[in-house]
Amino acid sequence: MTLSRRDVIRIAGGAALALPFASACQEDSGPGSRADPAADETGGALLRSSARLPAPFGVPLPVPPVLQPVSTSGGVDRYQITQRVAKVELLPGLQTEIWGYEGRLPGPTIVSRSGRGTVVRHRNELPVPVAVHLHGGVTPPEHDGYPTDLITPAGGWPANGGHNGHTGQTSDLVKEYTYPLEQQAATLWYHDHRMDFTGPQVYRGLAGFHLVHDDNEDSLPLPKGDRDIPLMIFDRSFAEDGSFPYPSLDPSLRDRPGVTTEFMGGVLGDVILVNGAPWPRLEVSNTRYRFRLLNASNARRYRLALDPPPPSGDPFIQIGSDVGLLGSPLGQSAIEISPAQRYDVVVDFSGYPVNTQVVLRNEIGEGGAAQVMRFDVVRRATDDTRVPDRLSDFEELSRSSAARTRDLKFVRRGSDGMWTVNGQPFDPNRDDFDPRLNSTEVWRIKSDAFRHPVHMHLAHFQVLSRDKGDQPWDAGWKDTVELRRGETVELIARFTGYAGRYVFHCHNLEHEDMAMMANMRVV
């Protein structure tokens with residue numbers, strides 16, 4: 001069976017109508033328990049594991065391998081990635097089936113130079129279509145991973161297979177994505193973006209880092225090499241046999257989109273994985289380290305803190321945000337990070353005696369979600385790194401430069417419970433906004449009674465104001481901003497790069513799949 005877009009909205013809306021009653025009737029010990037602080041923030045629920053879970057800090061932190069190009073000729077680095085089903089050991093002693101880039105979770109890391117073209121040829125050996133989005137990339141629209149621009153599976157795919165006929169530019173098995181990367185050094189990531197099915201496909205493993213370097217970053221005396229470590233943080237739950245029990249209405253992900261009623265607000269797991277390992281540990285020297293923090297969870301947000309904190313100074317020195325370095329470093333006592341956000345931070349372990357164990361905690365989690373990983377200070381070493389007072393020539397945008405101001409609402413529609421933008425569910429046939437290329441606009445975005453991490457494709461922005469008080473993590477150039485419950489956030493966005501159709505959406509992936517997304521056509 002295939003579903004039209006109207007069927008998708010009808011199914012989701014019908015399920016949403018039952019959500020308040022179903023949630024109120026759940027027991028805290030049930031599979032859809034809301035007894036996690038994050039549940040009330042998103043409208044989601046905690047999916048509890050039935051597998052035997054390991055004790056924290058029992059496995060070393062893995063670091064995703066760097067993918068090597070198949071060609072570097074003509075000033076372009078070319079890569080090949082196969083998306084395929086694989087069995088991997090995430091929990092000790094159990095095998096978990098994943099959908100992975102190169103059969104890995106996370107996928108391999110791509111490392112690029114600013115201004116040097118990168119082409120990634122993706123081959124789809126999964127049983128369903130995929131779309132690849134370079135999150136934070138300034139990318140031509142045909143290479144941005146529009147939700148209906150699909151790479152079809154090897155076995156073929158019906159013209160209207162689950163997407164109302166909007167298959168976009170498809171190919172059998174393969175597609176080449178071209179990334180000009182005319183942008184500053186940043187911690188980007190790539191992930192699946194198939195319409196209506198992003199949540200379960202990312203949950204199964206389709207995510208990886210894409211790091212961009214430039215001459216300015218290279219010239220800074222920041223930690224490098226094996227002291228520059230990407231940390232992909234995400235929560236999952238495990239069935240008794242080690243599989244992911246994601247609550248899809250159609251576990252095959254072929255036809256019927258959506259999740260069971262109680263999880264429409266977000267799927268929360270009770271196991272925290274970092275680079276694919278449950279609550280890992282990392283041996284460090286008593287020196288500075290750069291950590292590239294990425295929240296790759298579907299719906300969970302984190303407030304990261306060090307326990308114990310260093311004897312002096314700030315636990316974290318923030319040097320970067322989503323899409324680049326800050327102008328100057330900022331000391332942070334903790335870091336709040338919502339789905340899809342990135343923060344580059346430096347942690348100085350020199351104040352800790354050798355043999356100290358430092359836990360990275362999540363201050364807004366309970367049970368297994370309250371701790372993330374552990375750093376073991378095991379040796380002394382010389383350190384010639386430092387965090388300079390100036391990191392980049394940061395341009396602060398002014399409100400007066402904006403060509404216009406737009407008002408948006410990310411709200412759950414009262415008539416049917418749908419997640420919407422300005423009261424309308426996503427329609428790939430409808431253009432909602434038309435910003436001009438190379439223009440600057442102020443977007444005033446209001447949330448409802450839930451938190452929404454709002455992500456804008458193509459355009460990068462800065463946060464101007466919040467009516468519920470400033471957040472110390474808002475500094476710098478961003479592509480994702482979190483809206484707290486009932487909050488209005490003003491941001492100023494610059495639409496540089498390319499004309500064409502792009503999307504913006506909530507990056508709570510269950511909200512996104514249930515239509516909290518809209519189109520903008522840059523003209």
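Owing to the predicted nature of the structure, the values given are computational and were not obtained by experimental measurement.
For the salt bridge (charged side-chain N to carboxylate O under 4.0 Å, His left out) test, residues two or more places apart in sequence or in another chain that qualify with D215 are R113. With sequence neighbours excluded, the residues that form a side-chain contact (heavy atoms from CB on, under 4.5 Å) with K87 are Q95, E97. In terms of the salt bridge (charged side-chain N to carboxylate O under 4.0 Å, His left out) criterion, residue partners of R290 (sequence neighbours excluded) are, by chain and number, E217, D344. With sequence neighbours left out, H460 forms a ring-ring contact (aromatic ring centres under 6.0 Å, His included) with no residue at all.
For the pair Q201 and Q83, the minimum side-chain heavy-atom distance is 4.5 Å or more. In this structure, Q462 and W477 have side chains that are in contact, with non-hydrogen atoms separated by less than 4.5 Å. When side chains are defined from C-beta on, S112 does not count as touching D77, because their heavy atoms never get closer than 4.5 Å. With contacts defined as side-chain heavy-atom distances shorter than 4.5 Å, the pair V274/L360 does not qualify. Q471 places none of its side-chain heavy atoms less than 4.5 Å from the side chain of V463.
Of the N and O atoms on the side chains of H505 and H457, at least one donor lies less than 3.5 Å from an acceptor on the other residue.
Atom-to-atom distance recorded for L231:CG and L294:CG is 9.5 Å, nearest 0.5 angstrom.
One N or O on the side chain of N124 and one on the backbone of L126 form a donor-acceptor pair closer than 3.5 Å. In this structure, the side chain of N275 does not engage the main chain of P64 through any donor-acceptor pair within 3.5 Å. Counting only distance, with no hydrogens or angles, the side chain of N298 and the backbone of V267 share no donor-acceptor pair below 3.5 Å. Panel note: side chain N519, backbone R430; a donor-acceptor pair is recorded below 3.5 Å. Distance alone, capped at 3.5 Å, places no donor-acceptor pair between the D250 side chain and the P257 backbone. Although no hydrogens or angles enter the test, the distance criterion places no donor-acceptor pair under 3.5 Å between the side chain of N362 and the main chain of L304. When atom types are taken as modelled, the side chain of S392 and the backbone of L326 share a donor-acceptor pair closer than 3.5 angstrom.
Heavy atoms of other residues, nucleotides or ligands lying less than 6.0 angstrom from CG of D434 number more than 12. For R104, the CZ atom counts as loosely surrounded, since its 6.0 Å shell holds 12 or fewer non-hydrogen atoms of other residues, nucleotides or ligands. The environment of CZ in R521 is crowded: more than 12 heavy-atom neighbours from other residues, nucleotides or ligands sit within 6.0 Å.
The pair R484-E336 does not meet the salt-bridge criterion, since no charged nitrogen lies less than 4.0 angstrom from a carboxylate oxygen. At a threshold of 4.0 Å, the pair R204-D192 does not count as salt-bridged, since none of the basic side-chain nitrogens sits closer than that to a carboxylate oxygen.
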*Starting from the C-alpha separation in whole Å, work towards a yes-or-no answer on side-chain hydrogen bond (donor to acceptor under 3.5 Å, both in side chains) for D479 and H135.*
CA-CA 8 Å; D479 59 47; H135 189 118; 3.0 Å; yes

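The salt bridge (Lys or Arg N to Asp or Glu O under 4.0 Å) analysis of residues 450-461, with sequence neighbours excluded, yields the pairs E41-R451, R451-E482. Legend: side-chain hydrogen bond (donor to acceptor under 3.5 Å, both in side chains) pairs involving residues 228-239, not counting sequence neighbours, sorted by first then second residue: D228-R292, D235-S297, D235-R300.
Test E490, R404, M456 against W443 for side chain to side chain contact (heavy atoms under 4.5 Å, CB included) and you get one pass: M456.
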